[in-house]
Each structure stands twice: as structure tokens, then as C-alpha cells.
Engineer: 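First the structure, which I've put down as C-alpha cells, then a few questions once you've had a look.
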Amino acid sequence: MGRGDGGAELFEKMARDWWAEDSPAAPLRALNQPRFAFFDRYVDGGWTGQRVLDVGCGGGFTTEYLASRGAVASGVDVSPALVRAARQHAAESGLGIRYAVGAGERLPFADGSFSVVTCLDVLEHVPSPGEVVREIRRVLAPGGVFLFDTINRTWRSRMIMIWGLEHVLRVIPRGTHDWNDFITPAETTGYLGAAGLTPLGRMAGLFVVGRRPDGTFRTRLTRNLSCTYLGAARR
């Protein structure tokens, strides 16, 4: 597999049961809390009323989390099946989330539409991360904030994300990730600069340190960026 091949078909197959308690995607829901423990500091005034776009929203875990915190949330994903699953669950939950089908390289939104854009567990799956970052900058309003995470291309990420989580613990399906598509922090910084985005603060690592009885991940934030890492930038 090459750039952007890993994960898309797997997520498409998971769409039908995305929100089920025993779904292979279910452990991803537990990542919202530690991710936003880091991201919250970069959202001036809190989430209430913020116009937020979740790029690569999947079946809507993060989009619904944002809506529950008061954001005016929208989500976009390249998979029609996942967008259908997201729309259905939002309707059942009484949430007025706007979802659209679209690729990160060609977002179906006008320039400057959002005050915050999130892109989580996505950049390592797309054909052109640099183009996605440029599109995100386009739909951000002046002064808007881009919040992201992705996976570093190191021996540690290969051991943890592929060998450990896919082959040994089997908490995510085999083939979800391709190590060659992982992105170093230097490469990410280059994409941000080329798009005209200014990094905010220091990136942080997010390590999976265990698994709870319900199957969700136990995590911690760290300065070590050798596996999953998070960051923020401003237009």
C-alpha cells in the first residue's frame, strides 16, 4: 500500500456498526477527552458558539463531542457510508450537525467559513497531507485555529501502532495503518508553513498506555513525539 491507501476501505466496512458498543471503532471515542485536554487551551473563549469543522469525521465521534460542548459543528468525510452513519446518529441524538461528503483536498465549504477546524487521525490516511492542510487554511476565518493529530514515522510508531495495536492486541483492524504514510513533526511543520499557518505552542505526544475493561484506550500526554502527536496552528 502507498500514500492514502490504508484505512479507507476498512472504515467504510465499519460504518454500519460505527456507534455499536462492540464496534472496532469504539475505542476511538475514548481519545476525545485526552485530545481536547490539550486542544482546549488554543480555543479562545471556549467552544460555545464556535463554528467548527471536523475534517475526516468518520461516523461522527468527535463531531458529536464538539456539538455536546456547545460548538456549531459540521463534519466532512470522503466516505458516503460513514457520513450516513454520522447523520443517522446525530438525528437520533437530537443534534443539529451539518454533515457533507467530500475529500480533504477539496472541502465543500466557502472560504473563511469556520473559526476552528479539527483533523484527527486523518492526515496519515490521505493521498496529499499538504493539500489537505492548504484546504483547511482556506476554510478557516482569519485568526482561526487548526487542531490536528497524526502519527510520527519512527520505529516506535511501527511497533506500537501496527505490530502492537493491530497484530498483538488487535484493538484496531489489521491494515488500518501504513507505516510509510506516517508523518514526521518536521514534515507537518513544513505543511503548515507552506499553507500559511503559524504553529501555536509546542506539539505534544499522546501515548496509549493500556486498555480499560470496556475496551477503550488509556492514554497520557507527553513531550515525546515518537508516536502519535498533537498540535495547533493559527491562520
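Just so you know, these numbers use all the heavy atoms, side chains as well, and skip hydrogens, waters and symmetry mates. Owing to the predicted nature of the structure, the values given are computational and were not obtained by experimental measurement.
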Engineer: Side chains of Val55 and Val139, heavy atoms from C-beta outward: is any pair under 4.5 Å?
Structural biologist: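 SC-SC contact between Val55 and Val139 ruled out.
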Engineer: Taking C-beta and beyond as the side chain, do Gln88 and Trp18 meet within less than 4.5 Å on heavy atoms?
Structural biologist: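 Heavy-atom side-chain distance check fails, nothing below 4.5 Å.
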Engineer: Check the pair Tyr229 / Ile183 against side-chain contact (heavy atoms from CB on, under 4.5 Å), numbers first and verdict last.
Structural biologist: CA-CA 10 Å; Tyr229 62 96; Ile183 305 168; 4.1 Å; yes
Engineer: Find out if a path of hydrophobic residues (ILVMFWY) with successive side-chain heavy-atom gaps under 4.5 Å connects Val72 to Phe61.
Structural biologist: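 No, separate clusters.
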Engineer: Using the side-chain contact (heavy atoms from CB on, under 4.5 Å) definition, which of the options Leu82, Thr63, Val76, Thr118 pairs with Cys57?
Structural biologist: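 Testing each of Leu82, Thr63, Val76, Thr118 against Cys57, the sole residue satisfying side-chain contact (heavy atoms from CB on, under 4.5 Å) is Thr63.
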Engineer: Between Trp19 and Glu92, is any pair of side-chain heavy atoms under 4.5 Å apart?
Structural biologist: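 Contact flag for Trp19/Glu92 side chains = no.
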Engineer: Verify side-chain contact (heavy atoms from CB on, under 4.5 Å) between Trp155 and Ser226, making sure each step is shown before the conclusion.
Structural biologist: CA-CA 8 Å; Trp155 67 268; Ser226 63; over 6 Å; no
Engineer: For Asn32 and Thr62, test the side chains for any donor-to-acceptor distance below 3.5 angstrom and give the result as yes or no.
Structural biologist: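 Yes, because at least one side-chain N or O of Asn32 sits under 3.5 Å from a partner of the opposite role on Thr62.
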Engineer: Can you see which heavy atom on Arg51 is nearest to which on Ala141, and at what distance?
Structural biologist: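 So the minimum-distance heavy-atom pair works out to NH2-CB, 4.3 Å.
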Engineer: Looking at Ala90 and Glu64, what are the two nearest heavy atoms and their distance?
Structural biologist: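 Smallest interatomic distance, heavy atoms only, reads N-OE2, 3.3 Å.
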Engineer: Ile97, Val78: one ILVMFWY side-chain cluster at the under-4.5 Å cut-off?
Structural biologist: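 Ile97 does not cluster with Val78.
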Engineer: With sequence neighbours excluded, give me every salt bridge (Lys or Arg N to Asp or Glu O under 4.0 Å) pair touching residues 132-149.
Structural biologist: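 Found Arg35-Asp149, Asp111-Arg138, Glu135-Arg138.
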Engineer: Examine Val122 and Phe109 and state if one hydrophobic cluster contains both, with Ile, Leu, Val, Met, Phe, Trp and Tyr joined whenever side-chain heavy atoms are less than 4.5 Å apart.
Structural biologist: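 Yes, one cluster joins them.
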Engineer: Would you say Tyr99 ends up clustered with Val116 if hydrophobic residues are merged whenever their side chains have heavy atoms under 4.5 Å apart, either directly or through other cluster members?
Structural biologist: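 No; Tyr99 is not reachable from Val116 via cluster members.
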Engineer: I want to know whether Phe39 and Phe36 have ring centres closer than 6.0 Å.
Structural biologist: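 Yes, the ring of Phe39 comes within the 6.0 Å limit of the ring of Phe36, centre to centre.
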Engineer: With hydrophobic residues grouped by side-chain heavy-atom distances under 4.5 Å, do Trp47 and Leu120 end up in a single group?
Structural biologist: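 In one cluster: yes.
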Engineer: Indicate the atoms forming the closest heavy-atom contact of Leu192 with Pro199, along with that distance.
Structural biologist: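 Smallest heavy-atom distance, with atoms named: CD1-CG, 4.2 Å.
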Engineer: Can you find a pair of side-chain heavy atoms, one from Val43 and one from Leu147, that are under 4.5 Å apart?
Structural biologist: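 Of all side-chain heavy-atom pairs linking Leu147 with Val43, at least one is under 4.5 Å.
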Engineer: In the structure I gave you, are the side-chain heavy atoms of Leu230 and Leu221 within less than 4.5 Å of one another anywhere?
Structural biologist: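 Contact flag for Leu230/Leu221 side chains = yes.
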Engineer: Nearest 0.5 angstrom please: Leu53 CG to Ile136 CD1, how far?
Structural biologist: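 Leu53 CG to Ile136 CD1: 7.5 Å, rounded to 0.5 Å.
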